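Report on the structure given below.
All values reported here derive from a predicted model rather than from experimental measurement.
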Amino acid sequence: MEQASTLPWPYFCVDSLSDQLRLAMDAQATHLARLEESCRVAMMCAMANANKAQVGHPNACISGLPKAAAQSGRQHCERQCEQKANLAEIKNQSTSGLLTENPQVAQNRTVPHRVLPYCWKGMTPEQQAAIREEQEVQRFEKEAQHQAEKALDTEWKSQTMSLTEAMLELEEQERKLCAQFQRGLGSFNQQLAHEQKAQ
């Protein structure tokens, strides 16, 4: 209970819903098994009664016999059929793949890559190892992608700084050239003014 309360809320809900689904599927499977057993017992009893009636068995349900004898014979036959069915069911359950935890029991017959939730016993160690390997590969890929993005971001910042420095240097050169041009233009104008006055 303490472990369940320490889980984050979404995981706790998923686990709870998964448990409820598993219990509902188990209850439905048990109910279906009981129905199948009842149907099997009824069919076996009907066949036994029909066979006894054909061979003239004294306990058979023949219309000429008294009702009490017919009812007693029918009850005896039903008990025998039920015992046989129970023994067959016990043998079937004890040797079935469900109790022996055969992983193929949980495999869906129509869709092989899916499992039946009410029979599934969990992943095999090979499946768990394959998932861990896949997670490790994905982790390495994500780390490599992160490193590549980081290197690209660093390169981009470096180029941006280089371009900014180059622009500042060009602006400084342009300012110096403009100042030099203004000085040259001023001295040229003064020289022209002296020449005009001299004339």
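Around atom CD of Gln28, no more than 12 heavy atoms belonging to other residues, nucleotides or ligands sit under 6.0 Å away. Atom CD of Gln173 has more than 12 neighbouring heavy atoms from other residues, nucleotides or ligands inside a 6.0 Å radius.
For the side-chain contact (heavy atoms from CB on, under 4.5 Å) test with Phe140, the passing option among Glu136, Lys142, Gln138 is Glu136; the others fail.
The closest side-chain donor-acceptor pair between Glu143 and Gln147 falls under 3.5 angstrom.
Between Lys157 and Met161, the closest side-chain pair of non-hydrogen atoms is not below 4.5 Å. Inter-residue side-chain proximity for Leu185 and Phe181 is flagged as met; some heavy-atom pair is nearer than 4.5 Å.
Ionic pairing of Arg79 and Glu82 is not present here: no N-O contact between side-chain nitrogen and carboxylate oxygen is shorter than 4.0 angstrom. Ion pairing between a basic and an acidic side chain is recognised when a charged N comes within 4.0 Å of a carboxylate O; Glu172 and Arg175 show such pairing.
Atoms CG and CZ, on Leu32 and Arg34 in that order, are 11.0 Å from each other to the nearest 0.5 Å. Atoms CD and CD, from Glu89 and Glu36 in turn, are 8.0 Å apart once rounded to the nearest 0.5 Å. Here OG1 of Thr164 is found 11.5 Å from CD of Gln159. Values are rounded to the nearest 0.5 Å. Here the CG-CD1 distance, from Asn86 to Ile90, works out to 6.0 Å after rounding to the nearest 0.5 Å. For the atom pair CG (Asp153) and NE2 (His146), the distance works out to 10.0 Å, reported to the nearest 0.5 Å. How far CG of Leu168 is from CG of Leu163: 11.0 Å, rounded to the nearest 0.5 Å.
Using modelled atom types, one side-chain atom of Ser187 and one backbone atom of Arg183 make a donor-acceptor pair closer than 3.5 Å.
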